[in-house]
S.K.: 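Can you read through this structure? Questions will come right after.
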Number of protein chains: 2
Amino acid sequence: MPHTHDHGHCIDTAMAAARRLCEERGARLTPVRRRVLELVWANHKPTGAYELLPQLAQDGFNSAPPTVYRALDFLLELGLIHRISSLNAFIGCDHPGSAHPTGFFICHKCGEATELPPDELSALAERLEALLGVRVEGETHELTGLCSNCRKAA
Amino acid sequence: MPHTHDHGHCIDTAMAAARRLCEERGARLTPVRRRVLELVWANHKPTGAYELLPQLAQDGFNSAPPTVYRALDFLLELGLIHRISSLNAFIGCDHPGSAHPTGFFICHKCGEATELPPDELSALAERLEALLGVRVEGETHELTGLCSNCRKAA
DNA sequence: CGTAGAATTGCTACATTATAACCTAAGGTG
DNA sequence: CACCTTAGGTTATAATGTAGCAATTCTACG
């Protein structure tokens, strides 16, 4: 997806969604939280918590780990970002607000992550509930491989 | 699954599979590696690397982190165990040897993890390849919720 | 055999990721 | 304003994972 879209639009949409969600829930989108969200949205690649520290410092924010993790926890809680555990990294959510199962495809060539279609994940979860007799309450799906752009390039 | 099966059998099967695989590939199932595999298989719950250290020490093995991680890496490589990244933990593989996509369901009540049916995961991967135009090369699926035993108990 | 090369382990130090605990400041509400 | 709740600052430390190099063990091959 590199350079194939107007990324400013992605950021704007994300920030607007964040403002709306916070308003709805009576939560405060403080400067640190807003900035962290912007930084996570700076591109479509998963971002590590410690990568954010120097960037926050540059903006004059406090930049000790707890500050970043608190902001990230807040954003996770509201569903504005997701955590990619296999990378210890975070990425913006494409459609925050609506509860949905999440998963990502991460290209090992360009590093970009794409959110997986929730429908497919729900379908899987339902099948598994039926097959295994379990109740699914949370799910993480992290696929890797070559994205369509990188496939074309190769 | 607690107390509902002869777990000794699970361990025996796993160890036999390990011996067979190592023989096939000309790899060495050394004492540390064997012991680490046994410990991971001690139950059906994901085990952290650092939990293994004291247990290895008790058996007279070296117990510095690199020792454990090297053994774990070896076992991962051979597909004898899997890593659960959302828990930073490891768990024995149900059917090592055959290449298969893997995923787990982890019960948040009893802590036990069950391997997901590979067929379902393959089906998802194929659909996603078609939908997104990507090539899937690796996948991690980590679901949480209530397992069937714990559901009955509740 | 015996010795060269590869694989394995021991060991120390360190890197990376994440959290605890406690205090201060800011905002919201009566 | 006075209170309370939430957010942020700060220090220290926990938890997880690796680098790098020396010493040993194994294996293959002459």
Side-chain angles (χ1 to χ4, degrees), chain A residues 18-19 21-40 45-78 80-91 140 142, chain B residues 18-19 21-40 45-78 80-91 140 142:
Chain A
R19 280 190 297 274
L21 250 180
C22 284
E23 187 141 356
E24 269 178 38
R25 316 254 181 119
R28 289 158 56 194
L29 193 59
T30 61
V32 203
R33 291 169 174 175
R34 179 179 13 255
R35 190 69 186 120
V36 167
L37 183 56
E38 281 168 8
L39 290 171
V40 166
K45 302 178 190 184
T47 307
Y50 277 70
E51 283 177 58
L52 300 172
L53 293 179
Q55 309 191 63
L56 283 180
Q58 218 167 6
D59 298 338
F61 287 101
N62 174 42
S63 72
T67 299
V68 170
Y69 280 103
R70 283 193 286 231
L72 291 170
D73 286 346
F74 172 85
L75 298 170
L76 282 170
E77 194 98 10
L78 266 79
L80 292 166
I81 61 173
H82 297 298
R83 184 191 156 89
I84 308 215
S85 16
S86 58
L87 300 176
N88 293 326
F90 302 84
I91 191 162
T140 310
E142 295 165 13
Chain B
R19 279 190 297 272
L21 250 182
C22 285
E23 188 142 355
E24 270 178 36
R25 316 254 181 120
R28 289 157 57 193
L29 193 59
T30 62
V32 203
R33 291 168 174 175
R34 179 177 15 254
R35 190 69 186 119
V36 166
L37 183 55
E38 281 168 7
L39 290 171
V40 167
K45 302 179 190 182
T47 306
Y50 277 71
E51 282 176 58
L52 299 173
L53 293 179
Q55 310 191 61
L56 283 180
Q58 217 166 8
D59 297 339
F61 288 101
N62 174 41
S63 71
T67 298
V68 171
Y69 279 102
R70 284 194 286 230
L72 291 170
D73 286 346
F74 173 85
L75 299 169
L76 283 170
E77 194 99 8
L78 266 76
L80 292 165
I81 62 174
H82 296 298
R83 183 190 158 91
I84 307 212
S85 17
S86 58
L87 299 176
N88 293 328
F90 302 84
I91 192 160
T140 318
E142 295 165 13

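Here is the naming used below: chain letters follow the sequence lines, and residue numbers restart at 1 for every chain. This structure is a prediction, so every number in the text was calculated from the model and none was measured.
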S.K.: So which pairs with a foot in residues 46-55 of chain B pass salt bridge (charged side-chain N to carboxylate O under 4.0 Å, His left out), sequence neighbours left out?
M.R.: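 Every candidate salt bridge (charged side-chain N to carboxylate O under 4.0 Å, His left out) pair involving residues 46-55 of chain B fails, so no pair, neighbours aside, qualifies.
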
S.K.: Treating B:Glu142 as the side-chain partner and B:Ser85 as the backbone partner, does any N or O pair qualify as donor plus acceptor under 3.5 Å?
M.R.: yes

S.K.: Going by the side chain to side chain contact (heavy atoms under 4.5 Å, CB included) test, name the single residue among A:Leu76, A:Ile91, A:Thr47 that passes it with A:Ile81.
M.R.: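 Looking at A:Leu76, A:Ile91, A:Thr47, the match for A:Ile81 under the side chain to side chain contact (heavy atoms under 4.5 Å, CB included) is A:Leu76.
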
S.K.: Filter on side-chain hydrogen bond (donor to acceptor under 3.5 Å, both in side chains), then keep only pairs touching residues 24-33 of chain B, sequence neighbours left out; what's left?
M.R.: B:Arg20-B:Glu24

S.K.: Could you give the CZ-to-P distance, from A:Arg25 to D:dT6, as a whole number of Å?
M.R.: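 My rounded result for the distance is 16 Å.
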
S.K.: To the nearest 10°, let me know how far the axis at one end of the helix from C:dC1-D:dG30 to C:dG30-D:dC1 is tilted from the axis at the other, five pairs an end.
M.R.: 30°

S.K.: Can you tell me the distance, in whole Å, between the CZ atom of A:Phe61 and the C1' atom of C:dA26?
M.R.: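 It works out to 15 Å between those atoms.
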
S.K.: Taking 4.0 Å as the cut-off, does a side-chain nitrogen or oxygen of B:Arg83 come that near to OP1 or OP2 on D:dG17?
M.R.: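 Yes, such a contact exists.
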
S.K.: Provide a list of protein-nucleic acid N or O atom pairs under 3.5 angstrom, restricted to nucleotides 26-30 of chain D.
M.R.:
none

S.K.: When you compare the ring of B:Tyr50 with the six-membered ring of D:dT16's base, are the centres less than 5.5 Å apart and the planes under 30° from each other?
M.R.: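 Yes; centroid distance and tilt both under limits.
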
S.K.: Measure the distance from CG on B:Leu29 to P on C:dA7 and round it to the nearest whole Å.
M.R.: 17 Å

S.K.: A:Arg34 CZ to D:dA7 C1': how many Å, rounded?
M.R.: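 My rounded result for the distance is 14 Å.
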
S.K.: Who passes side-chain hydrogen bond (donor to acceptor under 3.5 Å, both in side chains) against A:Thr67, sequence neighbours left out?
M.R.: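 So A:Thr67 forms a side-chain hydrogen bond (donor to acceptor under 3.5 Å, both in side chains) with A:Asn62.
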
S.K.: Between atom CD in B:Glu51 and atom P in D:dG17, what is the gap in whole Å?
M.R.: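 Nearest whole value for this atom pair: 12 Å.
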
S.K.: Return the set of residues passing side-chain hydrogen bond (donor to acceptor under 3.5 Å, both in side chains) with A:Thr140 (not counting sequence neighbours), or none when no residue passes.
M.R.: none

S.K.: Under the side-chain hydrogen bond (donor to acceptor under 3.5 Å, both in side chains) test, which residues partner B:Glu38, sequence neighbours left out?
M.R.: B:Arg35

S.K.: Assess the residue pair B:Leu75 and B:Val40 against the criterion (side-chain contact (heavy atoms from CB on, under 4.5 Å)); give the C-alpha distance rounded to whole Å, side-chain angles, the decisive distance to 0.1 Å, and a yes or no.
M.R.: CA-CA 10 Å; B:Leu75 299 169; B:Val40 167; 5.6 Å; no

S.K.: Mind checking what makes side-chain contact (heavy atoms from CB on, under 4.5 Å) contact with B:Ala49, not counting sequence neighbours?
M.R.: B:Val68, B:Tyr69, B:Leu72, B:Phe90

S.K.: What is the distance from atom CZ of B:Phe61 to atom CG of B:Leu52, rounded to the nearest 0.5 Å?
M.R.: 12.0 Å

S.K.: Return the value, rounded to whole Å, for the distance between atom CG of B:Leu78 and atom P of C:dA7.
M.R.: 14 Å

S.K.: With sequence neighbours left out, what residues match B:Asp73 under side-chain hydrogen bond (donor to acceptor under 3.5 Å, both in side chains)?
M.R.: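 B:Asp73 satisfies side-chain hydrogen bond (donor to acceptor under 3.5 Å, both in side chains) with no other residue.
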
S.K.: Please report, rounded to the nearest Å, how far the P atom of C:dA26 is from the CZ atom of A:Arg33.
M.R.: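 Roughly 16 Å, once rounded to whole Å.
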
S.K.: Tell me which residues in residues 62-77 of chain A put a heavy atom below 4.0 Å from DNA chain C, sorted by number, or none.
M.R.: A:Pro65, A:Pro66, A:Tyr69, A:Arg70

S.K.: For C:dT16, does OP1 or OP2 lie under 4.0 Å from any side-chain N or O of A:Asn88?
M.R.: no

